[in-house]
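Each remark here refers to the structure printed beneath this line.
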Amino acid sequence: MNKRIAIRQMSAHVEQEVTLEGWLYTKTDKGRLQFLQVRDGTGICQAVVFKKNVSSEAFDHARKLTQESSLRVTGTVKADARAPGTPGGYELDVTDMEVVQIADEYPIQPKEHGVEFLIRNRHLWIRSARQWAVLRVRATVIRAIRDWLDDNGFLNVDTPILTPNAAEGTTTLFEIDFHGEPAYLAQTGQLYNEANIFAFGKVYCFGPTFRAEKSKTRRHLQEFWMVEPEIAFCDLNGLMEIEEQFVSYIVQRCLAENAEELKVLERNISSLERVAPSFPRIHYDEAVALLNRAAAAGESVPGYEDKVPHIEWGDDFGSPHETYIAAQFDKPVFVHHYPTQVKAFYMEPEPDRPQVCRSVDLLAPEGYGEISGGSERMAEVDKLTAGIKAHGLPMASYDWYIDLRRYGTVAHSGFGLGLERTVAWICGAAHLREVIAFPRILGSMRP
RNA sequence: UCCUCGGUAGCUCAAUCGGCAGAGCAUCCGGCUGUUAACCGGGUGGUUGUUGGUUCGAAUCCAACCCGAGGAGCCA
């Protein structure tokens with residue numbers, strides 16, 4: 001029995017005889033010479049089958065291999081600059097092979113396909129090189145998120161997915177039946193996070209969240225993952241410092257650990273290398289002025305056909321606005337102090353100017369939009385109850401939340417970072433559906 | 001909910017003014033010792049999204065519906 005190794009470890013086994021277990025990605029048959037591209041989940045490696053080097057049975061088996069057939073292939077690892085693969089530069093000079101199964105005709109070819117077809121075959125599409133690379137980067141982003149928070153004094157306290165009422169509005173909730181009582185799939189764990197900081201100081205929750213928005217764009221999913229850190233004794237400025245450290249760490253971890261994956265994705269690395277503290281910060285007032293100067297000059301929005309639309313002070317930004325602002329910077333940019341009226345009820349108004357609140361969105365470069373939204377939370381009972389009234393929300397639902405301000409209230413802040421938008425940005429992915437294994441998008445949840 | 005675009009072979013797409021349903025890839029057969037989405041020769045493969053209408057004749061024109069994509073709004 002030969003040593004079984006992973007393709008990723010091939011460079012450590014040059015001139016040794018090893019066995020790879022995997023699937024045939026594609027094949028080039030040259031008569032007495034066959035090139036097999038073998039995947040094993042860790043990479044793709046070229047296995048070269050010379051007729052004179054193997055038994056006639058093994059050679060015939062190789063000829064019969066179809067795309068995605070499962071196999072064990074044994075041979076000597078050779079360093080060869082001509083060898084393609086991930087990582088390339090090494091190939092297997094085959095001495096023997098065993099077919100596990102000859103696969104049926106495989107629907108996905110290593111060429112262009114339409115979106116509908118690929119989504120319908122998502123269970124197979126995840127084997128393709130691009131999808132494989134994206135999902136590996138996603139796993140790195142998740143590790144980086146947990147590592148940074150765990151190493152910086154945050155305690156992971158997860159929050160419920162079944163909730164009795166909306167945190168921020170009711171139109172985008174998935175309703176389910178909780179034994180005769182209506183319940184909703186969580187859109188955020190933030191309110192519970194705020195309870196948790198009074199026990200643990202700095203906490204985060206990290207899990208799936210659900211939005212029944214009728215949104216059908218490349219930036220929306222019905223089910224997506226969000227990490228939500230929440231910090232006691234922290235104001236808006238403190239929050240932005242944490243966010244820029246956190247996001248920079250995530251990006252740098254991907255650069256360090258996923259060079260091969262980013263190469264498969266043909267991602268421009270230099271724009272990611274710039275992602276380091278500190279990030280530019282602009283006030284909502286400045287952003288409005290910037291947008292209206294651009295609108296007056298008739299500038300167009302990168303990636304859109306339309307010109308920059310004029311904006312009235314007090315309105316929230318639309319996607320074209322966000323995209324234009326983000327395009328003015330070569331790093332993620334903070335926009336802070338949004339108008340109080342367009343933001344959620346719990347955001348702390350600026351004491352000297354209550355028309356704006358201590359909120360901040362982080363906009364990713366290259367058109368990937370808002371990857372994070374956060375704020376300093378209202379710390380006083382009276383302000384909070386006024387805020388709940390002003391938004392027309394049922395006071396009774398928030399009794400425990402208001403309670404938190406009665407027992408040792410402090411300035412506190414938090415944000416939510418959208419996992420898929422972050423991964424899409426790092427990978428340069430065209431659509432969020434590519435950065436989660438089984439996307440839930442409007443009108444489709446199969447497979 | 002609204003706007004725009006689309007649906008033809010397993011996949012990606014052609015089909016001129018309404019006039020024989022056509023390629024490439026995949027698959028199958030044959031050839032080839034350095035291929036990178038190989039190449040060369042041959043074969044298989046069709047209820048043109050659905051229903052109805054106009055017409056001698058419809059993939060093509062008309063109507064309704066179904067499905068998909070991108071975007072707006074909303075949001076991470």
Side-chain angles (χ1 to χ4, degrees), chain A residues 25-37 44 46-53 59 63-64 66-68 78 80-86 88 91 93 103-121 124-125 128-129 168-169 171-172 187-188 190 208-228 301 303-306 309 315-323 342-344 361-364 368-374 415-425 430-433 435-436 441-444:
Chain A
Y25 194 57
T26 183
K27 179 176 76 167
T28 302
D29 188 340
K30 293 275 295 173
R32 294 193 191 84
L33 168 63
Q34 296 179 75
F35 297 101
L36 312 179
Q37 309 299 326
I44 299 176
Q46 175 158 277
V48 184
V49 189
F50 281 98
K51 189 164 189 175
K52 65 179 170 60
N53 291 352
F59 191 80
R63 295 203 74 174
K64 288 193 169 61
T66 55
Q67 190 183 352
E68 290 303 316
K78 302 282 187 187
D80 191 320
R82 294 171 299 183
T86 304
E91 64 184 21
D93 188 9
D104 284 355
E105 185 177 337
Y106 190 69
I108 301 179
Q109 302 166 35
K111 58 172 235 179
E112 298 220 357
H113 294 284
V115 169
E116 184 184 359
F117 172 77
L118 290 171
I119 277 292
R120 194 166 70 239
N121 289 288
L124 305 175
W125 188 25
S128 299
E168 308 178 2
T171 54
T172 59
Q187 292 183 310
T188 169
Q190 185 211 311
T209 86
F210 306 89
R211 305 264 170 106
E213 292 164 357
K214 301 275 191 244
S215 296
K216 212 174 162 157
T217 83
R218 71 183 82 173
R219 296 182 306 277
H220 290 88
L221 294 171
Q222 303 282 291
E223 175 182 319
F224 66 95
W225 282 58
M226 183 160 68
V227 59
E228 296 179 274
V301 183
Y304 283 77
E305 293 190 357
D306 300 330
D315 288 346
D316 205 355
F317 298 142
S319 292
H321 295 130
E322 282 184 359
T323 303
V342 301
K343 287 293 181 182
D361 285 354
L362 183 62
L363 308 182
Y368 285 92
E370 183 184 341
I371 56 172
S372 141
F415 65 93
L417 180 81
L419 176 65
E420 285 78 10
R421 286 188 182 175
T422 303
V423 175
W425 162 49
H431 195 299
L432 289 197
R433 69 179 155 242
V435 308
I436 183 167
I441 52 186
L442 189 61
S444 161

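Hydrogens, waters and symmetry mates are skipped; everything else that's a heavy atom, side chains included, is used. Here is how names work: the chains are called A, B, and so on, in the same order as the sequence lines, proteins then strands, and each is numbered from 1.
In this structure, G73(B) makes no Watson-Crick or G-U wobble pair, since no nucleotide meets both defining distances under 3.5 angstrom. Summarising the base pairing, U16(B) is matched to no nucleotide, lacking a Watson-Crick or G-U wobble pair whose two defining distances lie under 3.5 Å. Shown here, U35(B) forms no base pair; nothing in the strands shown gives a Watson-Crick or G-U wobble contact with both key distances under 3.5 Å. The base-pairing partner of U51(B), taking Watson-Crick or G-U wobble contacts with both distances under 3.5 Å, is A63(B). Across every strand in view, G24(B) sits in a pair with C11(B) that passes the Watson-Crick or G-U test at under 3.5 angstrom. The pairing partner recorded for G41(B) is C29(B), the criterion being a Watson-Crick or G-U wobble arrangement whose two distances lie under 3.5 angstrom.
Under the stacking definition used here (centres under 5.5 Å, planes under 30°), the residue Phe224(A) qualifies as stacked on the base of A76(B).
At least one side-chain heavy atom of Trp225(A) sits under 4.5 Å from a side-chain heavy atom of Glu420(A).
Taking atom CD of Glu116(A) as the reference point, atom P of G10(B) lies 14 Å away to the nearest angstrom. Rounded to whole Å, the distance from OH on Tyr25(A) to C1' on U36(B) is 13 Å. One interatomic measurement links the two molecules: CD of Glu420(A) to P of A76(B), which rounds to 14 Å at whole-angstrom precision. Ile119(A) has its CD1 atom 17 Å from the P atom of C67(B), to the nearest Å. Going from atom CD of Gln190(A) over to atom P of A76(B) covers 10 Å, rounded to whole Å. For the pair Arg219(A) CZ and C75(B) C1', the interatomic distance rounds to 9 Å; values are reported in whole Å. The CG atom of Asn121(A) sits 9 Å away from the P atom of C11(B) (whole-angstrom rounding). Put simply, CG on Leu362(A) is 15 Å from C1' on C75(B), counting in whole angstrom units.
Leu417(A) comes within contact range of no nucleotide atom at all, as no heavy-atom separation falls under 4.0 Å. When heavy atoms are screened at a 4.0 angstrom cut-off, Gln67(A) is found touching no nucleic acid atom at all. Within the 4.0 angstrom heavy-atom criterion, only backbone atoms of the sugar-phosphate kind lie near Ser372(A); the bases stay farther away. Leu221(A) comes within contact range of at least one nucleobase, with a heavy-atom separation under 4.0 Å. Across all strands shown, Phe50(A) has heavy atoms under 4.0 Å from base atoms, whether or not it also approaches the sugar-phosphate. Note on Gln109(A): a base of the nucleic acid sits closer than 4.0 angstrom, heavy atoms only. Residue-level contact check: Lys27(A) touches neither bases nor backbone, having no heavy atom under 4.0 Å from any strand. Residue contacts for Gly318(A): at a heavy-atom cut-off of 4.0 Å it reaches the sugar-phosphate backbone alone, with no base atom in range. Within the nucleic acid shown, Gly85(A) has no heavy atom closer than 4.0 Å to any nucleic acid atom. No contact: Glu228(A) has no heavy atom under 4.0 Å from any strand. Ser319(A) comes within 4.0 angstrom of a base, heavy atoms only. As judged by a 4.0 angstrom heavy-atom cut-off over every strand, Pro107(A) is placed among residues making no nucleic acid contact. Contacts of Asp29(A) with the nucleic acid, taken as non-hydrogen atoms under 4.0 Å apart, include base atoms.
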Q. Going through the checks in order, is the side chain to side chain contact (heavy atoms under 4.5 Å, CB included) test met by Leu419(A) and Phe224(A)?
A. CA-CA 7 Å; Leu419(A) 176 65; Phe224(A) 66 95; over 6 Å; no
(Q) Could you go through Gln34(A) and Phe50(A), starting from their C-alpha distance and side-chain angles, then the distance that decides it, and tell me whether this counts as side chain to side chain contact (heavy atoms under 4.5 Å, CB included)? (A) CA-CA 7 Å; Gln34(A) 296 179 75; Phe50(A) 281 98; over 6 Å; no
Q) Does the pair Val115(A) and Arg433(A) meet the rule for a side chain to side chain contact (heavy atoms under 4.5 Å, CB included), with working shown? A) CA-CA 10 Å; Val115(A) 169; Arg433(A) 69 179 155 242; 3.3 Å; yes
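Taking atom P on both nucleotides, C20(B) is separated from U48(B) by 15 Å, rounded to a whole Å. The gap from the C1' atom of A69(B) to that of U51(B) amounts to 24 Å, rounded to the nearest Å. Here, C25(B) and A37(B) have their C1' atoms 9 Å apart, quoted to the whole Å. The same atom, C1', is picked in G57(B) and in G19(B); the two are 7 Å apart, to the nearest Å. A gap of 11 Å separates the P atoms of A15(B) and G7(B), to the nearest Å. The gap from the C1' atom of U50(B) to that of G42(B) amounts to 38 Å, rounded to the nearest Å. Using atom P as the reference point in both A72(B) and A59(B), the two lie 38 Å apart (nearest Å). Using atom P as the reference point in both G22(B) and G31(B), the two lie 31 Å apart (nearest Å).
Side-chain atoms of Gln67(A) come within 3.5 Å of backbone N or O of Ile108(A) as a donor-acceptor pair. Panel note: side chain Glu91(A), backbone Val48(A); no donor-acceptor pair is recorded below 3.5 Å. Side-chain atoms of Arg219(A) do not come within 3.5 Å of backbone N or O of Arg421(A) as any donor-acceptor pair. Checked by atom type and distance alone, the side chain of Glu68(A) never pairs as donor or acceptor with a backbone atom of Tyr25(A) at under 3.5 Å.
For Lys30(A) against C39(B), no side-chain N or O and base N or O form a donor-acceptor pair under 3.5 Å. Remark: the Thr172(A) side chain and the C74(B) base include no donor-acceptor N/O pair separated by less than 3.5 Å. A donor-acceptor contact under 3.5 Å links the side chain of Arg421(A) to the base of C75(B).
With its glycosidic angle within 90° of 0, C17(B) is assigned syn.
Considering only side-chain atoms of Thr66(A), the nucleotide from G70(B), C28(B), U35(B) that sits closest is C28(B). Side-chain proximity of Glu213(A) to C32(B), A76(B), G73(B): nearest is A76(B). Picking from G34(B), G73(B), A76(B) the nucleotide with the shortest atom distance to the side chain of Val48(A) gives G34(B). For Arg211(A), counting side-chain heavy atoms from C-beta on, the closest listed nucleotide (G73(B), U12(B), C75(B)) is C75(B). Taking the side chain of Gln37(A) as heavy atoms from C-beta on, and the options A69(B), C75(B), U35(B), the nearest nucleotide is U35(B).
Two residues, Lys216(A) and His113(A), neighbour RNA chain B, and the one matched to the more 5' nucleotide by heavy-atom proximity is His113(A). With RNA chain B read from its 5' end, the first of the two nearest nucleotides for Phe317(A) and Arg218(A) is the one closest to Arg218(A).
Of all heavy-atom pairs between Ile436(A) and Glu223(A), the closest is CD1-O, 4.2 Å. For the residue pair Ala424(A) and Leu432(A), the shortest heavy atom distance occurs at CB-CD2, 3.7 Å.
OP1 or OP2 of G73(B) has not a single side-chain nitrogen or oxygen of His220(A) nearer than 4.0 Å. Side-chain nitrogen and oxygen atoms of Arg32(A) include none within less than 4.0 Å of the OP1 or OP2 phosphate oxygen of G34(B).
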